Amino acid sequence: MSELKVSFKHEAALEGIGIPDVALPLRVLDAEGGVVATGAASLSEPMRCDISSSSGPLFVRLTWPSGKTETKRADGPEVVFDYSSISRDQWAAWAVPRLNERTSQAVSTSIPGRDAIDSYERAWLRLWTFRNGQWSDRLLAPEDQNRNDAAVQLDFILDEHPWCLQLGGKTIPWMIISLPPGGRCRVLITPNESTDPRREPLKVVVTGFRSETETLLEFLSRDSLRAANAMASYVPLAIKLLEGKFEDPVAAVAGAYYLLRVDKWRQIDLGWIENLDREIPWIPDGAIIHAAVLTRSGLRDETTAKTALERLSESLKRGVPVFAEGISLLHESSSVLRSGARKTGVFKTVDRLVASRLWAGAVFAFSGEDPNHPSPERRRGAPSNVQLPRVGEAGLNAGGELGASMILLQDVAQD
C-alpha cells in the first residue's frame, strides 16, 4: 500500500444546518506513535498521503476543535470517519465538535434534571449593539430558535455594527459574548459539562457560518498550534481571505489573526491591513490588527509609534474585539506602546478588558455589568435597571417600555 486516503462521511451534511464542510487536522501514526504524515480533510476534500516508506500497522488520529481525539486503524487504503450520528438533534450538530466529549448533545437520552437547561432558573439573555460610540440594548428577536432539554439555540441576522449577547441569572455569573456582525449568527447555550471547578455554569458556542476560519481560531484559542499547523492550506487561505476583505471583512479578520499567530504576517501587504482598518470601521479588530503589525514591524520612528497608538486607541472607540485573538493582540501592543506614552487612559481600558476576559472559544467574552463597563467582578442575579419578565412575558427595557430587550431561557420555543 503506497497511498492512504482519509475521508469524512455524514449522511445529512448541510452547510449551516448539520455538520459544516470544514477541514479538520489529521495525523497518521505508526505503531510506536511516530508521525508518518499530517494534513487535513473535510467532507468534500479527503486527505491523501504517501505511506510507501512505512511498514507495520498505521493509525489515523482526528482532532476536534474541542480537543477530543478519535483514532482509527488503517486496515486498508482508505480510512473513513463517519459522524452521521454525532448529535441527538440535527440543528445542534454544528456545535458538538466544540463541546466537551461527554456533552449531552451527543446522546439520545435525556439528561438528569439538575443538568437540564431549564434547571437554571430565571436565566436571562440580553442583546447589545454599539452605535455612536455607546453600547445600548436592542430588541432580542431571533430569526429562528430551537431547544431540547440540554440546549437552547438562537439565530440572529446582525447588521454591520458590533454586537454582544449577555447571559446571567441567579446562579449564573454575568457573561458578555461578542457576536460576529454583518450577517447570520447562531448561538447555542448548553450546561457546561466540564469537570473544571472554574468552569462557567453554561457553555456558549457561537458561529457566524464561516466554518474553516472559525475552526482554525478555535484551535488557536486552545493553543493547539500543532493541530492548526497541520492544516498547511490555511496560510494561502488566510491570505486569500484577507485579500477579499471587502467581500467578507469578518473572515478577513480571522485570516489576519491566524497569520499573526503563526508568524506569517510578513507575507501580507500592509496596504491590505490599512484598508481593513480604515475602510471597515464597524469591526474593531481591523484597527487592533493594524496596531499589532506596526509594533511587530519595529517602531522605527516617532511617527510610526504615534500611528500605532492611534490605531490602538481607535479600536477601543469602535467597541470590543469580535475574536479572542484580538484581546491578546491588544495586550501585546499596549505593552510595547505604553512606555513613554501620554494616553494612559487607553492602557487602563486595555488592562480592564484583559482583566475581565472570559473563555468562550474563538469569540471574545468578558465579564461586566454591561459592555460599557467591563469588570473582573462577577455579578449574579438580575440587572438593576431591567425588570425580569415572567415566563412567557416580554421584558422591560431600560426605559421601562414593554419590549423583548431581555428574554428568559425558559421562553425559547421548543423545537
Side-chain angles (χ1 to χ4, degrees), residues 178 213 216-229 231-232 234-245 249-281 283-355 357 362-364:
S178 187
T213 52
L216 186 65
L217 289 175
E218 285 288 331
F219 284 121
L220 295 185
S221 70
R222 293 174 168 84
D223 288 323
S224 300
L225 283 177
R226 183 170 63 179
N229 289 336
M231 306 161 79
Y234 271 104
V235 172
L237 171 64
I239 294 174
K240 181 180 179 181
L241 291 173
L242 186 54
E243 186 178 11
K245 54 197 164 296
V250 177
V253 161
Y257 278 145
Y258 173 66
L259 294 170
L260 282 161
R261 175 69 87 88
V262 299
D263 201 28
K264 299 293 184 181
W265 57 272
R266 293 178 182 85
Q267 298 184 23
I268 56 182
D269 188 333
L270 180 59
W272 294 357
I273 297 296
E274 292 174 342
N275 287 335
L276 180 64
D277 172 12
R278 300 184 190 280
E279 300 299 324
I280 310 170
I283 301 181
D285 305 59
I288 296 171
I289 293 165
H290 192 179
V293 168
L294 289 173
T295 55
R296 289 191 181 188
S297 299
L299 302 176
R300 298 178 299 275
D301 50 47
E302 187 176 338
T303 300
T304 306
K306 181 180 178 181
T307 301
L309 183 56
E310 286 176 350
R311 303 330 299 159
L312 188 72
S313 177
E314 177 62 24
S315 72
L316 300 173
K317 296 176 182 177
R318 296 178 179 178
V320 297
V322 176
F323 297 111
E325 282 290 302
I327 200 65
S328 298
L329 288 181
L330 270 177
H331 193 203
E332 174 189 306
S333 297
S334 68
S335 298
V336 174
L337 293 168
R338 69 175 64 208
S339 178
R342 296 180 179 179
K343 292 186 176 181
T344 57
V346 172
F347 306 121
K348 288 181 179 178
T349 302
V350 172
D351 290 343
R352 192 161 56 248
L353 279 171
V354 171
R357 178 180 180 174
V363 293
F364 175 51

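Predicted model, so just to flag it, every value in this text is computed and none were measured.
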Would you give the length of the straight line joining atom NZ of Lys317 to atom CG of Leu312, rounded to the nearest 0.5 angstrom? 11.0 Å
Scan residues 267-276 for pairs that pass salt bridge (Lys or Arg N to Asp or Glu O under 4.0 Å), counting only residues two or more places apart or in two chains. none
Closest approach of Pro321 and Ser178, non-hydrogen atoms and distance? O-OG, 3.0 Å
Between Val350 and Ser334, the two heavy atoms sitting closest are CG1-OG, 3.6 Å
Quick one: CZ on Arg318 to OG on Ser313, what's the gap to the nearest 0.5 Å? 10.5 Å
Nearest atoms (heavy-atom pairs only) where Ala291 meets Ala308: CB-O, 3.6 Å
To the nearest 0.5 Å, tell me how far Ile289 CD1 sits from Leu329 CG. 7.5 Å
Below 4.5 Å, heavy atoms only, C-beta onward: do Leu260 and Val293 meet side chain to side chain? yes
So, for Ala292 and Ser333, which heavy atoms are closest and what is the spacing to 0.1 Å? CA-OG, 3.4 Å
Side-chain contact, heavy-atom cut-off 4.5 Å: Leu330 with Ile327? yes
Val253 and Val322: side chain to side chain contact (heavy atoms under 4.5 Å, CB included), yes or no, with the steps? CA-CA 9 Å; Val253 161; Val322 176; 5.8 Å; no
Would you give the length of the straight line joining atom CZ of Arg311 to atom CG of Leu316, rounded to the nearest 0.5 angstrom? 11.5 Å
If every non-hydrogen atom of Leu276 is compared with every non-hydrogen atom of Pro249, which pair is closest and at what distance? CD1-O, 4.1 Å
What is the distance from atom CD of Glu325 to atom OH of Tyr258, rounded to the nearest 0.5 Å? 11.5 Å
Test of understanding: with side-chain hydrogen bond (donor to acceptor under 3.5 Å, both in side chains), list the residues that count as partners of Asp263, not counting sequence neighbours. Trp265, Arg266
Distance-only, no hydrogens or angles: does the Asp277 side chain make a donor-acceptor pair with backbone N or O of Ile273 under 3.5 Å? no
The reported gap from CG in Leu299 to CG in Leu337 (rounded to nearest 0.5 angstrom) is 6.0 Å
Hey, are the side chains of Phe323 and Ile283 touching, using non-hydrogen atoms and a 4.5 Å cut-off? no
Residues at least two apart in sequence or cross-chain that pass side-chain hydrogen bond (donor to acceptor under 3.5 Å, both in side chains) with Ser328, listed by chain then number, are Arg357
